[in-house]
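Take a look at the structure set out below.
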There are 2 protein chains.
Amino acid sequence: MTHFHDPTTCQSCAQRFTSVFCKAKQEFIAEINEQKICNIYKKGQTLFNEGSYPFGVYCINDGKVKLSHLGDDGKEQIIRLLRGGDVLGYRALLSGERYSASAIALEDTQVCFIPKELFISVLKSDTGLAFEMMKLLSDELHKAEVKLTHLAQKPIRERLAETLLFIKETYGFEADGVTLSVRLSREEIANLVGTATESTIRLLSEFKKDGMVELDGKKIKILRQKELIKTANLQD
Amino acid sequence: MTHFHDPTTCQSCAQRFTSVFCKAKQEFIAEINEQKICNIYKKGQTLFNEGSYPFGVYCINDGKVKLSHLGDDGKEQIIRLLRGGDVLGYRALLSGERYSASAIALEDTQVCFIPKELFISVLKSDTGLAFEMMKLLSDELHKAEVKLTHLAQKPIRERLAETLLFIKETYGFEADGVTLSVRLSREEIANLVGTATESTIRLLSEFKKDGMVELDGKKIKILRQKELIKTANLQD
DNA sequence: TAAGATGCATGATTTTTGTCATGTTTTGAA
DNA sequence: TTCAAAACATGACAAAAATCATGCATCTTA
């Protein structure tokens, strides 16, 4: 369905100014360009699975991916949402463990794969890139800690509002300027919020009744963002 | 009250084999040794405050420290517990932000301070140390993600059991082999679990009734660890 | 040592959230 | 196109957890 351009070079990739790799030296980018393997994953396909060993890192060229853990009772917890320019798979690689989460395409997605050895060797030779990786990890850690605090302290209504804003922040709107440009099931939204699917459905209906959102199947329109922000009760 | 040895050198520091810095090259350790500043923080004193700018990293020589966020309603959320050999303050430094959490001594604690410039310059010259930092960050990120999932999916009873095991894992037992060697208030335990103080008190009483723990003020003895593990309902 | 403050404990109650049941709608594959 | 499966929706109920109130114990410090 979705159409992607023919395999591009890293030097002309649409994400060359946004991903962490944009900070790598030219010579290394050339090397990455030679060894990278581009692939297209259809909606629902798995990039990698929790529990398996990493062989490299993935760089999203275009598309949307969710990263999710399985809880001890087998329930999905969505940890992160990724878009073009985002890199994934580095955490397990750097700590030398198996993947602790699965990556699944939310829509048809084009991804470049960079082999482990190359990634590590570039990281060794390119201090700037290493610092970028440390910054990336630090930022993710920060986000995780904030999310953790909200999960522990905020009621579900606030967390759902926050999640809707987060989805908007990550994937933005469609051309109309109000429709979230990703289609997530109610269950997926629930697994992002950390609650039961029914609670999510109920609260979404309430938000609709309050005029904050409009619902049309998986299409969600944000009508009154300011009220949503209030509902989310965010500090900044 | 507590007595610490006179300022040691990094080369003879009790933590020289456990902290991330043990992977740094000798020449850099010598440099760190020259520039480090050792300090003792009394119980309850603050190492650094959420919102202020980092000037360096802290390396705990001996003692116990909690790292905690303030939630949007001003409620404390304890993010991490630290002990001798642990480093803190690097997250904000590496992502170039203000501290997102406060560090407070849980008992009299001896800490070395390493200035920002030195830390960064050593990190730039010593690839091995940079990789250790990336590994450290990756591990912390992993822990945060697991905690996040448990927070979202597990009931408070399980989380309290898990927290007690976590405290034991972090600080261990006293000489008797059963008493947790840290004194936390019920409120602090609640802020670690992510629940109301009363709920924590009630559940601790239940655990006592079930014979899993023994309570004597802030002294907590773990009597039946296996049952606690069961109660925590952990996968591994 | 007395008194105020803080922390611990417990009961009663309310609120929040999850679960179960059921019906409807939408979707996707034969 | 049709049918089964999945997703959505909603009500009723149960369970979990927070809140409020109160009393006791312990710690601090004047």
Side-chain angles (χ1 to χ4, degrees), chain A residues 1 42-45 71-78 104 106-108 150-163 180 182-210 213-221 231 233, chain B residues 1 42-44 71-77 106-107 150-163 180 182-210 213-221 231 233:
Chain A
M1 40 184 76
K42 297 227 165 250
K43 176 176 176 172
Q45 281 190 326
D72 289 352
D73 301 326
K75 193 184 172 189
E76 174 187 52
Q77 180 67 32
I78 301 184
I104 294 164
L106 290 169
E107 57 181 48
D108 293 3
H150 290 181
L151 223 29
Q153 299 185 357
K154 286 171 169 253
I156 293 186
R157 187 182 172 81
E158 295 183 17
R159 302 215 308 268
L160 175 59
E162 192 177 343
T163 297
L180 291 180
V182 67
R183 304 298 147 89
L184 296 170
S185 69
R186 303 292 193 260
E187 189 180 5
E188 283 174 316
I189 297 175
N191 294 345
L192 213 37
V193 174
T195 186
T197 308
E198 293 94 325
S199 301
T200 298
I201 291 173
R202 258 183 262 275
L203 283 168
L204 278 176
S205 301
E206 280 187 35
F207 286 3
K208 178 181 168 184
K209 208 181 299 170
D210 298 346
V213 303
E214 196 178 301
L215 304 172
D216 174 15
K218 289 192 182 20
K219 242 188 268 182
I220 297 177
K221 296 185 185 186
T231 305
N233 187 27
Chain B
M1 40 184 74
K42 295 223 167 256
K43 177 177 174 169
D72 290 350
D73 301 326
K75 192 183 172 189
E76 175 187 52
Q77 181 66 33
L106 290 169
E107 57 181 48
H150 289 182
L151 223 28
Q153 300 185 355
K154 288 173 168 250
I156 293 184
R157 187 182 172 81
E158 295 183 17
R159 300 208 317 259
L160 175 60
E162 193 176 343
T163 297
L180 291 179
V182 67
R183 303 299 146 89
L184 296 170
S185 68
R186 302 292 192 259
E187 190 181 4
E188 283 174 316
I189 296 176
N191 294 345
L192 212 37
V193 174
T195 185
T197 308
E198 294 95 325
S199 300
T200 298
I201 291 172
R202 257 183 261 276
L203 282 169
L204 278 176
S205 301
E206 281 187 34
F207 285 4
K208 180 182 169 184
K209 208 181 300 167
D210 297 346
V213 304
E214 196 178 303
L215 305 172
D216 175 16
K218 289 192 183 17
K219 241 188 269 181
I220 297 178
K221 295 186 187 186
T231 304
N233 186 24

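Here is the naming used below: chain letters follow the sequence lines, and residue numbers restart at 1 for every chain. Nothing here was measured: the structure is a model prediction, and the numbers come from that model.
Under a 3.5 Å cut-off, the side chain of A/Asp108 and the backbone N or O of A/Lys43 do form a donor-acceptor pair. Of the possible donor and acceptor atoms, none in the side chain of A/Glu214 sits under 3.5 Å from a partner among the backbone N and O of A/Ile220.
Distance CG (B/Asp216) to C1' (D/dT26): 12 Å, rounded to an integer number of Å. In this structure, the NZ atom of B/Lys219 is 11 Å from the P atom of D/dC27, given to the nearest Å.
Residues B/Asp210 and B/Thr231 have side chains not in contact (no heavy-atom distance under 4.5 Å, counting atoms from C-beta outward).
In this structure B/Glu158 satisfies the side chain to side chain contact (heavy atoms under 4.5 Å, CB included) test together with B/Lys154, B/Pro155, B/Asn233, sequence neighbours excluded.
Contacts of residues 201-210 of chain A with DNA chain D (heavy atom under 4.0 Å): A/Ile201, A/Arg202, A/Ser205. Annotation: proximity of residues 183-196 of chain A to DNA chain C (heavy atom, distance under 4.0 Å) is found for A/Thr195, A/Ala196, numbered in ascending order.
Closest non-hydrogen pair, B/Lys218 versus B/Arg186, comes out as CA-NH1, 4.2 Å. Listed here is the closest heavy atom pair of A/Arg159 and A/His150: CD-O, 3.6 Å.
Of the inter-residue distances, the one linking B/Gln77 atom CD with B/Leu151 atom CG reads 6.5 Å to the nearest 0.5 angstrom. Rounded to the nearest 0.5 angstrom, A/Leu180 CG and A/Lys219 NZ are separated by 12.0 Å. To the nearest 0.5 Å, atoms NZ (A/Lys75) and CD (A/Glu187) are separated by 8.0 Å. Distance CD/B/Glu76 to CD/A/Gln153: 9.0 Å, rounded to 0.5 Å. The distance from atom OG1 of B/Thr163 to atom CD1 of B/Ile189, rounded to the nearest 0.5 Å, is 8.5 Å.
Applying the side chain to side chain donor-acceptor pair (under 3.5 Å) test to every pair with at least one member in residues 194-203 of chain B, sequence neighbours left out, gives no pairs at all.
Remark: B/Lys218 is not in phosphate contact with D/dC27, judged by side-chain N or O atoms under 4.0 Å from OP1 or OP2. OP1 or OP2 of D/dA17 has not a single side-chain nitrogen or oxygen of B/Ser199 nearer than 4.0 Å.
One axis for each end of the helix from C/dT1-D/dA30 to C/dA30-D/dT1, each built from five base pairs, and the angle between them comes to 50° at 10° resolution.
Along DNA chain C, read 5' to 3', the first and last nucleotides having any atom under 4.0 Å from a heavy atom of chain B are C/dG7 to C/dA12.
Both A/Arg157 and A/Gly217 sit near DNA chain C, but only A/Arg157 has its closest nucleotide nearer the 5' end.
Heavy atoms from other residues, nucleotides or ligands lying under 6.0 Å from NZ of A/Lys208 number 12 at most.
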